[in-house]
Number of protein chains: 2
Amino acid sequence: MESEHAIEKLSSLAHAGRLSVFRLLVKAAPDGLAAGDIARQLNIPPNTLSAQLTILSHAGLVQHRREGRSIIYSADTSAMTDLILYLMQDCCSGRPEICEPVLDAVNKASCC
Amino acid sequence: MESEHAIEKLSSLAHAGRLSVFRLLVKAAPDGLAAGDIARQLNIPPNTLSAQLTILSHAGLVQHRREGRSIIYSADTSAMTDLILYLMQDCCSGRPEICEPVLDAVNKASCC
DNA sequence: TCCATATTTCACGAATACAGGAAATATAAA
DNA sequence: TTTATATTTCCTGTATTCGTGAAATATGGA
């Protein structure tokens with residue numbers, strides 16, 4: 001990943017509303033949620049949410065598709081993976097003993 | 001980690017200068033680099049760099065110590081781990097098949 | 001066609017982030 | 001004590017981001 005793209009992803013997530021939207025969509029992956037459902041669950045005005053979704057979408061963190069009158073947004077988990085890999089890149093430049101705790105923590109996460 | 005802290009870390013990194021500083025310090029971990037060395041390597045004016053280091057430091061991503069006339073900054077790799085874990089948290093809510101590719105990618109990274 | 005629902009786009013004032021010149025502070029050496 | 005080096009703090013004009021009211025667009029149903 002290029003630095004510009006990493007910065008765009010990071011700044012997209014560096015906002016309380018957008019971070020909560022992204023995390024909600026990550027939980028709802030891979031199905032996704034309609035914009036209106038997100039707005040109701042997080043209590044965000046529709047136009048405000050739309051602006052936030054546009055920013056997340058432009059950063060490549062979410063995708064969308066139309067279903068009837070609704071537009072379904074879903075998290076792009078591979079984009080999240082790319083960002084994590086970018087942050088970890090060069091994390092030990094020849095000194096594995098520094099990086100290993102990071103990998104251990106990730107693998108032991110309650111996630112899976 | 002709390003959402004506020006994650007947002008502060010994310011916004012600290014969502015800036016070209018600060019991201020390059022952080023990545024330089026991650027490569028130089030755990031020894032760190034003097035502020036002047038960072039300024040010279042990245043061609044950033046000293047006062048501008050100082051403001052950037054203050055922001056990274058306040059977010060908990062870097063630490064600093066004085067050595068003679070220099071102040072040595074170093075990356076806090078555990079803070080980076082915490083941020084990564086926060087981003088991965090709840091990433092599969094009961095569906096490991098979605099999260100596993102993330103873990104696989106992280107483990108196969110050229111990092112270590 | 002007419003209407004209700006779902007979502008986006010436009011416009012703009014308020015708040016925040018930004019870079020860097022100039023001055024101040026801290027340390028060490030002469 | 002004086003000087004040089006290293007870094008930070010203060011300040012300010014500029015640029016960017018932010019939320020949201022109002023209007024526009026898109027779809028499906030009556």
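A note on names: the letters A, B, ... follow the listed sequences, proteins ahead of strands, and every chain is numbered from 1.
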Can you tell me how far [atom2] of [N] sits from [atom1] of [X], to the nearest Å?
X	N	atom1	atom2	value
B:I71	D:dT5	CD1	P	18 Å
B:H64	D:dA6	NE2	C1'	14 Å
A:I7	C:dA17	CD1	P	17 Å
A:I44	D:dG19	CD1	P	9 Å
A:R65	D:dT27	CZ	P	16 Å

As an exercise, state the distance from [atom1] of [X] to [atom2] of [Y], rounded to the nearest 0.5 Å.
X	Y	atom1	atom2	value
A:L25	A:S74	CG	OG	7.5 Å
B:K9	B:L61	NZ	CG	6.0 Å
A:T48	A:L53	OG1	CG	11.0 Å

Exercise: identify the closest heavy-atom pair between A:R66 and A:I71: NH2-CD1, 3.8 Å
Near-strand residues of residues 47-60 of chain A, defined as heavy-atom separation under 4.0 angstrom from DNA chain C: A:N47, A:S50
Heavy atoms only, 4.0 Å cut-off, all strands: where does [X] land among base, sugar-phosphate and nothing?
X	value
A:R40	nothing
A:P46	base
A:A39	nothing

Presence of A:Y73 side-chain N/O under 4.0 Å of C:dA6 phosphate oxygens OP1/OP2: no
Under 4.0 angstrom between B:H15 side-chain N/O and C:dA19 OP1 or OP2: yes
A:R69 side-chain proximity, nearest of D:dT27, C:dC18, D:dT8: D:dT27
Side-chain heavy atoms of A:Y86 within contact of B:R23, under 4.5 Å: yes
Check: B:R40 side chain, B:L42 main-chain N or O, donor-acceptor pair, under 3.5 Å: no
